[in-house]
Structures are given as C-alpha cells and as structure tokens.
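A short write-up of the structure that comes next.
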Amino acid sequence: MRLHDEDDSDCVRSVGVYKGDICILTWYEHLYFVKFDKSYSITLVDLKVDDNTCPTMRKLHSRFPTYLVETCGELLCLHCYILHRQVVDIWVYKLDFDEKVWIRIKELKDQAIFIGSSGGQVLACSTEESRIHGNKIYLTLAEERSLYVYDLDLCALEVCLPCPNVK
C-alpha cells in the first residue's frame, strides 16, 4: 500500500491495532492512526513521532522486518534482524504518546509475543496462567520448521525444532 507524502513515495511497513484503532508505520517512520468518520471516509492522523528516537529504522536496517503490536495498553514496535535466513537479534520499542518518542525496552514482564511466518500475524498474550514463558518473543520464518525464541532477560536467542516430524 502506498501513502502520499511530500515526495509521494512512502509505503506501509507494518500495520497494527492499538486500543481498537488501526495504526500504520511507514518506511519513512511516519506513524499514522486510521480514523473513520460516520460517512465511512478515512483520515490518516500523523502522530509526528520523532524518528531519531528509534535509530534502527530506515537509517540502518530498513530491510529487516518491523512489527507493531499492542500489549498491556502499550504500543510496541519490534525490529527483527535476520541475516542469511537466521534471526540474529530483536529490538523492542514502546511508544511514549506524551513525548512522541520511541523508548527501547528490555522487559515484557509476564507477556509473550508471537510472530507468524508470514509476518502478518503478530500477537501478545499474558503468560500468568499458562505454561508459556514470559518476557520472550516467539518467531517462525517462512518455509522453515524452526522456532526462534528470543529471551529479553538474557538478550539471547534459542532455536529449536518443537515438532521434528512435521514437514
């Protein structure tokens, strides 16, 4: 999807939902909320977030996947660094709506985030009453059977094959 900006070249990088509103992050680091009025027309509201507070975006790693996800009332932006079809690192930022800046975080507490292989499926859930470990990001890659588990406490990545018999 292409958005119109000053030079008519900005494209959608990631789409998420925050408190029931659709949010769009573009390649040029614009963060928009999609608003619908009673006549069903669409307006994009630019949140004017300072892109210098998230140095991993366009300037350094624009080719890596980025995801928006809501958890515990926070809007998070995840940057997954993938080299040679292997996950190398994951950085997590939360949006400070008052200051309009991204803040890097290293703790999800009792939350876990799951990213599907196509990248379109991203969700967060509480791990309080489950056997899922909190403060971790679970990720699969397209056409792979491995499960990547990124531990934010240790800043470490584990690769496992939970279902070795599944093709």
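What you see is a predicted model, and the numbers here were worked out from it, not measured in a lab.
- Remark: F97 engages Y18 in a ring pair (Phe, Tyr, Trp, His ring centres under 6.0 Å) (not counting sequence neighbours).
- Residues that satisfy the side-chain contact (heavy atoms from CB on, under 4.5 Å) test with L157, not counting sequence neighbours, are V87, Y148, Y150.
- Other members of the hydrophobic cluster containing V101, listed by chain and number, are I103; membership follows side-chain contacts under 4.5 Å among ILVMFWY residues, whether direct or relayed.
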message: As a quick check of understanding, evaluate side-chain contact (heavy atoms from CB on, under 4.5 Å) for K106 and V92, giving each step before the final call.
response: CA-CA 7 Å; K106 296 188 179 190; V92 181; over 6 Å; no

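- For the salt bridge (charged side-chain N to carboxylate O under 4.0 Å, His left out) test, residues two or more places apart in sequence or in another chain that qualify with D21 are K35.
- Side-chain N or O atoms of E70 include none that pairs as donor or acceptor with a backbone N or O of G16 at under 3.5 Å.
- Taken together through direct or relayed side-chain contacts under 4.5 Å among Ile, Leu, Val, Met, Phe, Trp and Tyr, Y67 and V17 form parts of separate hydrophobic clusters.
- Taking E128 as the reference, D110, S126 meet the side-chain contact (heavy atoms from CB on, under 4.5 Å) condition, with sequence neighbours excluded.
- Taking a 4.5 Å side-chain heavy-atom cut-off between Ile, Leu, Val, Met, Phe, Trp and Tyr, the cluster of Y40 contains only that residue.
- Remark: of the listed residues V69, L78, L68, V69 is the sole one forming a side chain to side chain contact (heavy atoms under 4.5 Å, CB included) with V122.
- Contact check on D50 versus K100 returns no salt bridge, with no Lys/Arg side-chain nitrogen under 4.0 Å from an Asp/Glu carboxylate oxygen.
- Every residue was checked against the side-chain contact (heavy atoms from CB on, under 4.5 Å) condition with N165, not counting sequence neighbours, and none meets it.
- Using bins of under 30°, 30° to 60° and over 60° for the plane-to-plane angle, the ring pair Y32/H30 lands in the perpendicular bin.
- Under the ring pair (Phe, Tyr, Trp, His ring centres under 6.0 Å) criterion, F36 pairs with no residue, sequence neighbours left out.
- A heavy-atom distance below 4.5 Å is found between the side chains of N135 and E107.
- Counted within 6.0 Å of CD on E129, heavy atoms from surrounding residues, nucleotides or ligands total 12 or fewer; the atom is thus considered open.
- Under the side-chain hydrogen bond (donor to acceptor under 3.5 Å, both in side chains) criterion, D37 pairs with S39, S41, not counting sequence neighbours.
- Applying the salt bridge (charged side-chain N to carboxylate O under 4.0 Å, His left out) rule to D89 yields no partners; only residues at least two apart in sequence or on another chain are considered.
- Between the CG atom of L152 and the NZ atom of K136 there is a distance of 9.5 Å, given to the nearest 0.5 Å.
- Cluster note: F114 groups with L123, I132, Y138, L147, V149 through ILVMFWY side-chain heavy atoms spaced under 4.5 Å, whether in direct contact or through intervening members.
- For L161, the side-chain contact (heavy atoms from CB on, under 4.5 Å) partners at least two apart in sequence or on another chain are R145, P164.
- At a threshold of 4.5 Å between non-hydrogen side-chain atoms, the residues I137 and L108 count as touching.
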